[in-house]
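Taking it in order: structure first as structure tokens, then the write-up.
Just so you know, ligand 1 is whichever comes first in the structure, and atom 1 is the first atom listed for that ligand. Predicted, not measured: the structure shown is a model, and the values here were computed from it.
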Amino acid sequence: MKKLPNILSLIAGFLILLLSVYGFFLLQQRAGLPAEIKRAVEENRLIQIDDTRVEKKADIEFILSRRSTGDPAAFYIRTDEGIKRIQGSLIAYYSQYPFPIIYLVIGSFCIIMAFVVFILRPQELRARLFYWCALAFSFASIVNGGFFCLQEEWFSYLPGILFYIFYPLSLALLLHFSLTFVRLKKKSLFFLLYIPTFLIAMIWDYLFLKASLTSSLQAFRQYQSVVFLHRFYVIVYVLISLFVLILSHKKSDLEEQKAQIKWILYGLIFGAGPFILLYQLPKALIQKPFITEEIAGVFFIFIPVAFAFSIIRFKLMNIELIINRSVVYAILTIFTVSIYLLSVQVIHTLFSKSLGIQQGVVTVIAVLAAAAAFHPARKKIQDFVDRSFFRLSYDYQKSILSFNERAHRMARTEHLVNFFLVKMNRTIPLEYMGVIVHSSKTAEPEVFIQKGGERNLDILRSNFLGKARILAKRKSVQTELGIDFSAEDWMRENNLDLIISMPFRSMELTGFLALGKKKSGARYSSDDIELLLTMSETLALNLERIRLLEEVVYERAEKIKFDELSRLKTEFISNVSHEIRTPMSSIQGMSEILQQGKIKDKEKQAELLNLMTDECSRLSRFLHNILDYGKIEQRVKSYAFQKTDIRSIIEQVLKMFDYRLRSLAFLVQKHIPQKPVLLNIDPDAIHQALTNLIDNAIKYSYPKREISIRIIEKSQEVDIQVQDKGIGIPEKEQTKIFSAFYRMSEPQNVATKGVGLGLSIVKHIMEAHGGEIRVHSKKGEGSTFVLIFPRS
Ligand code: ADP
């Protein structure tokens with residue numbers, strides 16, 4: 001790291017600052033001639049001051065160089081009556097106008113900028129050149145010259161010595177600075193432009209010291225001729241700098257750089273223009289300037305102002321300064337208020353004197369007039385400041401904030417990306433915009449909604465993965481900073497202006513934003529790119545968050561599913577074995593009793609046989625259901641439809657359950673029409689469906705044992721209702737009971753055995769008939785299952 005040189009540069013800068021302050025104090029004491037003597041000088045009548053003869057006007061500067069304000073002096077003036085000696089004392093040189101203060105303001109502004117720039121960008125050549133150039137320039141403008149107020153002490157010579165180095169040096173540095181905007185090959189030859197600077201500085205310092213130390217007027221006059229030479233040097237260097245800047249402004253195809261150079265040019269033209277055109281040039285050519293050097297110097301204020309604009313607004317030297325809006329407004333308000341007060345004062349003096357109106361009235365009118373004039377002006381200035389410095393970044397900041405806020409709360413990838421695209425498009429309207437995200441877990445990339453047509457974004461990953469964060473076409477961006485232009489040809493072919501890779505933290509995800517032209521036709525500015533970078537970062541962050549969330553949810557769901565399955569499996573096996581074992585063992589028991597011949601009573605024998613048949617049919621029903629479920633699962637269950645009187649099926653089923661219903665003392669009610677009810681059905685399947693429903697009605701009916709069966713004929717459909725007054729089904733369970741293997745977890749239900757297949761088979765059968773099954777039930781009050789057959 002070049003830390004030491006940087007620190008040394010800063011220390012040197014600081015010393016220069018101290019010396020310029022010292023020079024400023026010396027300048028304050030600069031001695032000038034009293035007014036009447038000045039008049040004599042104008043008329044070429046001053047011939048001697050004390051014992052030094054004045055041959056040229058310029059000699060006066062030398063004669064006064066060691067004097068201070070207030071020193072006595074004898075002036076010899078040629079008059080009509082002969083030479084007249086006037087005894088007087090020297091007055092302050094800048095008695096009328098506060099020039100040193102103005103120079104101090106200009107210089108300080110430059111020095112502050114120099115330090116800020118150097119501290120922020122010490123590694124950039126352009127910034128270092130600016131630092132030295134601004135220091136040299138401000139020193140030269142604050143100190144103003146070498147011959148003012150020299151004293152006995154040796155250090156009073158220091159500002160002068162440095163002045164004669166820094167004045168020419170500031171111009172060489174300016175030229176060097178301007179050359180950094182041009183792409184030149186032979187950069188090593190740049191030292192050549194410092195040779196004239198070096199020569200002038202050496203000769204000047206030599207003559208300055210010789211003249212002031214030996215009090216040699218001769219040496220001072222030689223020094224004056226170098227001043228003359230220096231004038232040409234100034235003109236040539238400034239003109240070449242201007243030429244170089246204009247050329248690079250023309251050649252640059254980066255809008256941001258163009259704007260930077262434009263503001264530097266404004267600074268030089270308006271700042272140094274009057275000094276060159278109205279002072280230096282006429283002085284060199286016709287020895288008479290149009291304006292005084294002091295007034296020309298006032299225009300220098302434009303130089304630092306324009307540079308500041310270039311630095312702050314257009315990021316000259318890549319400096320991004322964040323200015324507090326309220327500070328700018330405060331300065332603006334102070335500025336406006338002072339102008340306001342000034343105008344009130346002006347109006348007041350003008351009118352109260354010329355019109356002789358009463359003081360108070362004038363004041364009121366003045367205040368009103370100034371307020372009326374300044375309100376729009378203030379708004380305009382504020383608007384200008386807003387537009388120039390804040391508007392864009394303010395808008396962008398707002399978009400980023402609102403995107404951040406919503407993005408954090410989004411739980412779906414599609415919604416997030418969609419919102420991103422909408423938000424982006426609202427902030428920077430684009431012709432095309434696409435987002436592509438790849439996850440190494442899935443083979444297929446996820447291409448999200450592409451605005452402005454489909455494009456093959458898949459290629460992006462294979463071409464640009466691991467490359468720069470920003471890829472662009474040179475012509476589509478205003479800045480070059482941090483941008484890779486190596487894919488220009490490919491981007492042109494694919495009609496893309498900008499590609500931004502998304503900064504995912506996990507290695508698993510990669511993604512790109514692919515952007516077409518801006519609808520406005522303008523290039524992407526560094527503000528636009530900044531916005532895209534920030535928004536893409538937020539997008540990436542939230543995409544990762546959502547993915548993580550999905551993974552957790554998915555894993556949890558998987559686990560729940562797995563647990564549920566293994567629970568159902570165990571339950572199913574235990575239920576099946578119970579369903580088979582119970583009838584089997586009762587059949588076995590009863591057949592053993594019959595075999596032993598212990599029961600002689602015919603009636604009892606018949607009852608046992610009935611019971612055995614009942615158990616057998618229960619077993620067969622059960623096996624039927626299981627086999628059917630297998631068929632349904634494998635989608636091989638077939639149906640044979642035929643016109644059938646549904647009443648007969650009901651009768652068969654009831655007959656099948658007759659023994660059980662009677663032995664359990666069920667009250668059975670039938671509401672069946674007299675006439676046949678013909679339906680196009682598969683009689684076996686509907687037999688099975690009704691069996692399952694009545695089986696359930698018996699199983700789940702306690703303590704009240706009532707079953708009613710109804711056929712309701714409607715114009716479009718025929719309903720068959722199986723109603724019980726049993727335990728009922730709570731509402732939240734009513735949709736679940738039709739799923740395979742589902743059994744209610746109610747305590748009464750657990751006691752009744754079953755495998756949870758009956759209703760799911762009924763549902764399937766009804767769907768195959770183009771009908772449906774519905775349930776109406778209330779816990780504790782019984783249930784009504786309705787089979788609905790459409791009339792075909
Ligand atoms: P299973 O009766 O073998 O458990 P089903 O599919 O026939 O299986 O019934 C599913 C569940 O629906 C039963 O476990 C029971 O909780 C409930 N259910 C069915 N019919 C009735 C009914 N008539 N009254 C109360 N609950 C019933």
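When each atom of ligand 1 is checked for a heavy atom of L757 under 4.0 Å away, the hits are 6 (O), 8 (O). Annotation for ligand 1: atoms under 4.0 Å from non-hydrogen atoms of K699 are 1 (P), 2 (O), 3 (O). Per-residue contacts place S783 under 4.0 angstrom from the following atoms of ligand 1 (heavy atoms of the residue considered): 22 (C), 24 (N), 25 (C). Those atoms of ligand 1 that come under 4.0 Å of a heavy atom in G754, given as number and element, are 3 (O).
Considering backbone and side-chain N/O of I729, none are found under 3.5 Å from N/O of ligand 1. Close N/O approach between S760 and ligand 1 is not found [any backbone or side-chain N/O within under 3.5 Å]. Remark: ligand 1 and L759 share an N or O pair separated by less than 3.5 Å (distance only, no angle test).
Remark: the R469 side chain and the S536 side chain contain an N/O donor-acceptor pair separated by less than 3.5 Å. No side-chain donor from either of D527 and S525 sits under 3.5 Å from a side-chain acceptor of the other.
In this structure, Y629 has its ring center at least 6.0 angstrom away from the ring center of H764.
No side-chain donor-acceptor contact under 3.5 Å links R710 to the backbone of Q669. Not a single donor-acceptor pair under 3.5 Å links the side chain of N418 to the backbone N or O of E414.
Aromatic ring pairs are classed by plane angle as parallel below 30°, tilted from 30° to 60° and perpendicular above 60°; the pair F572 and F741 is perpendicular.
Heavy-atom proximity to atom 23 (N) of ligand 1, evaluated over N696, D724, V762, I694, is greatest for D724. Checking P730, G758, G726, G756 against atom 3 (O) of ligand 1, the nearest heavy atom belongs to G756.
If you look at F785 next to ligand 1, the close heavy atoms, those under 4.0 Å, all belong to the side chain.
K699 has no carboxylate O lying under 4.0 Å from a charged side-chain N of D724, or vice versa, which leaves the two without a salt bridge. Electrostatic pairing of K604 and E607 does not count as a salt bridge here, judged by no charged N lying under 4.0 Å from a carboxylate O.
Residue E733 places every heavy atom at 4.0 Å or more from ligand 1.
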